[in-house]
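In this text the structure is predicted, and so the values were computed from the model without any measurement. Here is the naming used below: chain letters follow the sequence lines, and residue numbers restart at 1 for every chain.
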Amino acid sequence: MNCGVCTAICPAAEFYDYDPRDICNVLMSKDEEKIEDLLKGDKIWHCGQCLSCKTRCPRGNVPGLLVSLLREVSIRVGLFTESEEGRRQYAIKKTLGENIINSGYCVHVMHVKPHLHPEQGPVWKWYFDNAEEVADRQGGNYNKEGSGALRKINDVNLKDLRKIFEVTGGKDFYDHIDKLSKVKAVQLKKNITDNIDDNEYFYHVYRDKSQKQ
Amino acid sequence: MKDLGFSISKSRTIDLDKADLSVYQKIIDKVPSAKLCLMCGACTATCSARNHTDFNFRKIHLLFRRGQFDGLADELDKCMLCGKCRLVCNRGVNTRAIVYNMRIILDNLNYKRIK
Amino acid sequence: MKKTDVIIIGGGPAGIEAAYDLARNDVQVFLFEKEDELFGHMNIAATLFPNFQDASEIRSLLLQKTKHNNIKIFKNTGVAKVHKDDKDWHVQTEKGEEYTAKAVLLASGFKTFDAKYKEELGYGIYKGVITSVEFEEMYKEGKILTPYEKKPQRIAFLNCVGSRDEKVGNHYCSRVCCINAVKLSIEAKKLLPDVEAYCFYMDIRMSGQFYEELYRKSQEDYNVNYIRGRISEVSPTIDNRLQIKCEDTLSQTPLKMSVDLLVLMIGIEASEGTSMIAKQVGINGEYSFAKSLSLHSADNKTKNEGFFLAGTCKRPLTMPETMADARAAALEIGYYLKGVPE
Amino acid sequence: MSFHPFVIPFTAGAAILFAVIVYKVYKWTTSLDRKQKFIVKQNIFTIKTIRAISEVFREALIHRNIYRKNPVLGYMHMSLAFGWFLLIVFGKVKASLYAGTFFEPPWLAIFFNFFAVEKHTFLFSTQLTFIMDFLLLIVLSGLALAFIKRMKSSLLGMKKTTRHSSFDRIALTSLWLIFPLRLLAESTTDALHSNGGFLTGSIGQLIPTSAASFMELPLWWAYSLSLFFFFVALPYSRYMHIPIEVVLIFLRNWGATAGEHHSGYTDIQINSCSRCGICIDSCQLNFAAQLGNVQSVYFIRDTRYNTLSDEVVNNCLMCGRCSNECPVGLELTLVRQQYRNKEEIPGKFYYEYTKSIENQENIDVIYYAGCMTHLTPSIIHSMKKIFASAQVSYWFMDEDKGVCCGRPMRQQGFVQQAKNLVIKNSRMINSSKAKLLVTSCPICYKSFKEEYNLNIPVMHHTEYIEKLINSKKIKLKPTNITAVYHDPCELGRGTGIYEQPRNILKNFSLLVSDNERENSLCCGGSLSNAILDLRLQLKIRDHALDELTKERPDVLVTACPLCKKSFVHGNKAAVMDIAEIVAKNIVTNKKVSEKVYSNELYGVLINE
Amino acid sequence: MSKQYWKDYQSAVADDNYYYERSCIRQSFFTGSEEIFLKIVKDILKKDIVDDMNLHTCSGIGYYSGVVPLDTTMTVVARLFALMTEAGYKNFVPSCITSFGLVNEMVDMWHHFPEKLEEIKGYLKEATGKDFKMPENIAHPCDIIYKNRKALKDKMKYSLTNVRTGKPLKVVEHIGCHYAKIFPRHVKGGAEFPQVLVGMIEEWGGEVVDYPERRHCCGFGFSQYLVLANRGYSAANSKKKFESMQPFKPDFILTNCPGCNMFMDRWQYTIAETEGITYDDEKRGIPVLTYEELTGLLLGYNPWDLGLQVHQVQVEPLLEKMGIEYNPKDKYVGKTGKQLTEPEKPMNLKV
């Protein structure tokens, strides 16, 4: 119907050259070429997945979920490395993605390294430096066995978690992202390693933003 | 000021409370038929410049109407003023005159060009 | 036990028009109106699109017609039950009286959509958000004011409220809102020449005669602005105005602005009476409107012998369509009473 | 001794006038642009100068052009200009003979009768006295006409006349006073000394001596003063055209013409305008669209008094009708164009984006349809058919919508943009092996001809088709269709193509219309006017259409896609481009491939 | 879909026996909030709630930022349900808004595509040998607080009034997008006017500020925030909200989403440091509290035990307004009682 209620309240549409309505159009048009352009392009990576669009659509569509679908496809068919924004998935996999299988947390105090998160500010740095003292003062159980906030997640559970990733293809998905990113890294002449600190490609996709946006 | 490695994005939302709509009034005074534009896009469809580039008169006209002038001066440079658009307009809008006057006005407001 | 030839349920334009045409053919008509006043929604309208004819003229015209000797009007008489025995139709009013007739004409019309269902538009929450009906009434009073008794600088009209909307279960187009919005915006400009009027639309459907011309007039002579996009969110500003957000779909950019009044062009739905009675006699159709026998060939008949339909109890219709449909119904009923074969 | 204080105003006025004119003419002639200076140097010592002199005589004195257009108006101008001229000449002769020297004081001739009161004995005195009075009579008659024209212009067959500036008023009133005062002055003197001729003498008889002696001096003073005021106001009034037109005529004969930008020659043209208002009557904006104050005469007036507005500069069809009618022969459209032209931004190149396609095959002709022609596909189809029938190999340069020729840009004053387009197209054209460029659009045609410098000749399809017919490449079936031909502005007045289309249309019964050739009307669709709104445009269109279809032709033939589009929508008569009517009646040639006969051509004709 | 007034959107919240699912973000950034919530439920509301040591992430953030495929996430969620089933509970209480949205979304999908559910059951079995039952009730902790707001009010030492002026405090409420926008029918008051925080604020004596960008997202945007390059987008959204609420001069912001809470706190710092803009009169920023922290404060817990010291925007001015006494010395004391070195001071944002 192209009423545009989704774009109207879409946070991404306000700050990026992005238009969820238009993306739905392209999908409905079933125009292979246009859809491929989407998978290759930056646009689908602009969505913030707040799903505000779901609430408003008079036709009950959810552009946000369509986009996350496109993202998965873009990665599976290996087009995500074609676009600047798509390539960033590598950085996310490298940080958040690996946190999950390594620690059982998406995010944990120890993951939010001040040098990667300058916007977190001095108080956070203070917390980060005195993590155990501060966490436990608030009743946490910082990186220790047993229950409680920020506890160490034991191997039984971690094993299960990793197994799930293997069985359901999550692991392959990770490796797929890695593999294609390595190929791209070579094309872009940026060296890429398995860890983060000396990983030029990682910092490139994590930090750099070309002028066009 | 600190540099945290990123800058806070600028909004591209059209805010009709802030936009200067009086500029478009000048167009209407010069080309009254501008009011009649339905944004049907016939002009863009026939446009010779459109044939070579993404020049889109319909959209430029609309953005101008909404008081969004950034980058328009450069866009308008693409027009060759051949006037086909005027002949195909089903509401008899003098589109060519609109382009002409938009150019003049933008130059007078010296709207900064990208290059 | 009161008997008559035809019972008409609903004293709106359709009911009255049909009653009159029947009466002129010496048919005895009982006309039931649940309100204490006739004319239904005609009471709201100040003027009629597309020619701005004064609605009161129409009302007095209809009033004349009700004066016919063969017509007996029952005001404040809601209908509770309608059923048929082997030959006659029985209509039981809410007060419990029972009436009998050879035929029944359902002209129980429509109700307007309750805008409260579209919470994001803030109707009933923010004072400045009003319905087209309320706006029409303001215009009748001859003064259009903000809820804070000020002269509005900006008025926005939003089409398709409660129409073409899956969320509220109405997929259909109410057909009259587009042109009505054009009419109202022009009237706003007539009262307040320097007000900025904005119409938000998804499609402008100028189906009727002179509609397109009026639309053009609104742009050319009244400087009404049209923005293609559906308002998505309404919120209050510190200075008691309303901030509305939509996408300017034709420039593919989000757009926001603040307005003093937001007029919701509320759609047409089947009235309670319509849906209730339609259910009782088993002719309830889509969106609980009443279902005619055949859209193209027998639009006033129903699958029940002697039970007829006229006007907006079937679907959204404009005034001229309603009147024509009523006259057609009267003709059908005439044939039926005389037993004229198909 | 022949002197009296009242001669001072005249002498002073004359001196001032002389100085101002010399100064201005110097300023302007020195600020001619390079091209103009060059050409003038080329021609100054040639027969052209003689021609100029004779033209000055014809136009500046006798005003033959005006005379042709409107005898009464012509006589008026002639009597004033030529009459006064002779008055001066004979006056001088008379004075010299009287004084017995050629170097008598300059005022003597002017106030002769006042000084020469004794009985004249010098040679031809009686004849000269007669001639002088006779000439005075002539001038006065012209004056009378001028007066009537002021009061009621329609009497002299003019619809509109221009409003006056304050300088004009001073000049005009003093001009009107000069000769009546002279008449009275001389008559009074005659009353005292009876030294007048048949006119002044006989009036002198009627004046009582007492009154005369009391009146004489004041009248001579008034006469001198009126001369003074006229002379002083003249350079700032419309009457400046009297001296400047002479300069113009010389420069024009030497080959000067208005360039792209304002130059001294522009000022000379502007100052040569007599504001006769003939251009107003010839302007369609005036008589078809009832739009005043934008016509050339107003444009020039406003330019001269620096009150020029955007509206006036741009609200013009540039159809060239006024330049064509102008008795002074001013290049009105060119001058107006100069005021449209905009600053160029150094180093900026527009239209980088346009792709330039090139063609290296061995083809005879490049066909450039033109933007507008793409909106009248039937013209393109017809041309394709004609090419095929004549078995010409051609390259359709802008088949997939091309680069605009640049003229529309230029006419809006975007010179630089236009030049950039020219470069783009020239590259494409010059790179090909073709021997001829054919276009269907007169606008492009004029542009190619005047603004491009191509290494192959260019033809409009009217020229080209005529060539094909003459060389028997194509043959037309004789038909009895009655047709009327409309000369497109850019093709007719623009580039002088009048005969070719008429030759082509020989084997149709061609009707004559009042507005043919130089007088052809604009269809209203002109691209040069970015102001005119549709309603007025259609008024112009309808008026032109009515004129053209008076004789109820079967078909109105034109040679411009723009004219066609305008007229088609007026649906008064069937409208066809000359290419279409030719293609439709072409004698089909066996060898020509099937494709050409596909009905698509006719399909299109019907669709349009 | 049938019509329904926003007021009538009501989610059922179980009365007792909750299975608590911890939130990565909440426990990392607002460690105290989760603890105080458990305390309140156990000690004050005297209800049974379990804090399972076997818990792990729901992988929701990974899913929404496009690095974890759907099936994987579904199975991870399934395992969480399995843990709940093993623990013998039926009422699932995810502390994280992302989790809340996610589990609802998964359950909804399984409801519409039973075959998917079977597939996932298969995966779970294969990977962990576990089975699971669907939760009977999914509620967010804030629903539980909301449900018991009256009961809690009776136990509160303080209320949302400015002790200096005696006027109610002006509170901006921010609801996490995934709380109400995905399934308006699962929450109180629907997507446009969720009542959950409003209810608390009004019940406890505060005044809710309704401002233009009230419903706008905080800007997290998952993949957007996760890479430095796109944080400008993230911050811009919060900035938009701040600009829009500033004229109303709110005393503090209350959120039900740990992410939003953290961002609206940190972005004020970011905007202050990079652009020099703050949104209150004293250049100290607008404090941002989680509903747990608020409840804790009003019940009289020690602000520093609640973890208010880990907020970048300092809360002292607010505490003073509310008349809550606190011990400044105690602020930077660690678990072991050791006095920690104070965090360094920002450039523009006053602390």
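When heavy atoms are compared at a cutoff of 4.5 Å, A:N2 approaches chain C by way of both its backbone and its side chain. If you measure heavy-atom distances from C:R228 to chain A, the contacts under 4.5 Å come from the side chain alone. The part of A:R21 that comes within reach of chain C is its side chain, from C-beta onward, which places non-hydrogen atoms under 4.5 angstrom from that chain.
A distance-only check finds a donor-acceptor pair linking the side chain of A:N199 to the backbone of A:Y201 [under 3.5 Å]. Although no hydrogens or angles enter the test, the distance criterion places a donor-acceptor pair under 3.5 Å between the side chain of A:N99 and the main chain of A:C106.
Between chain A and the residues C:E120, C:K118, C:E233, the most heavy-atom pairs under 4.5 angstrom are made by C:E233. With chain C as the partner, the residue from A:G4, A:C3, A:C57 showing the most heavy-atom pairs under 4.5 Å is A:C3.
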Worked check of salt bridge (charged side-chain N to carboxylate O under 4.0 Å, His left out) between C:E269 and C:K111: CA-CA 5 Å; C:E269 289 181 332; C:K111 73 168 193 284; 3.7 Å; yes
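The environment of A:D194 atom CG is sparse: at most 12 non-hydrogen atoms of other residues, nucleotides or ligands sit within 6.0 angstrom.
Checked for salt-bridge contact, A:E98 and A:K94 meet the test: a charged N lies under 4.0 Å from a carboxylate O.
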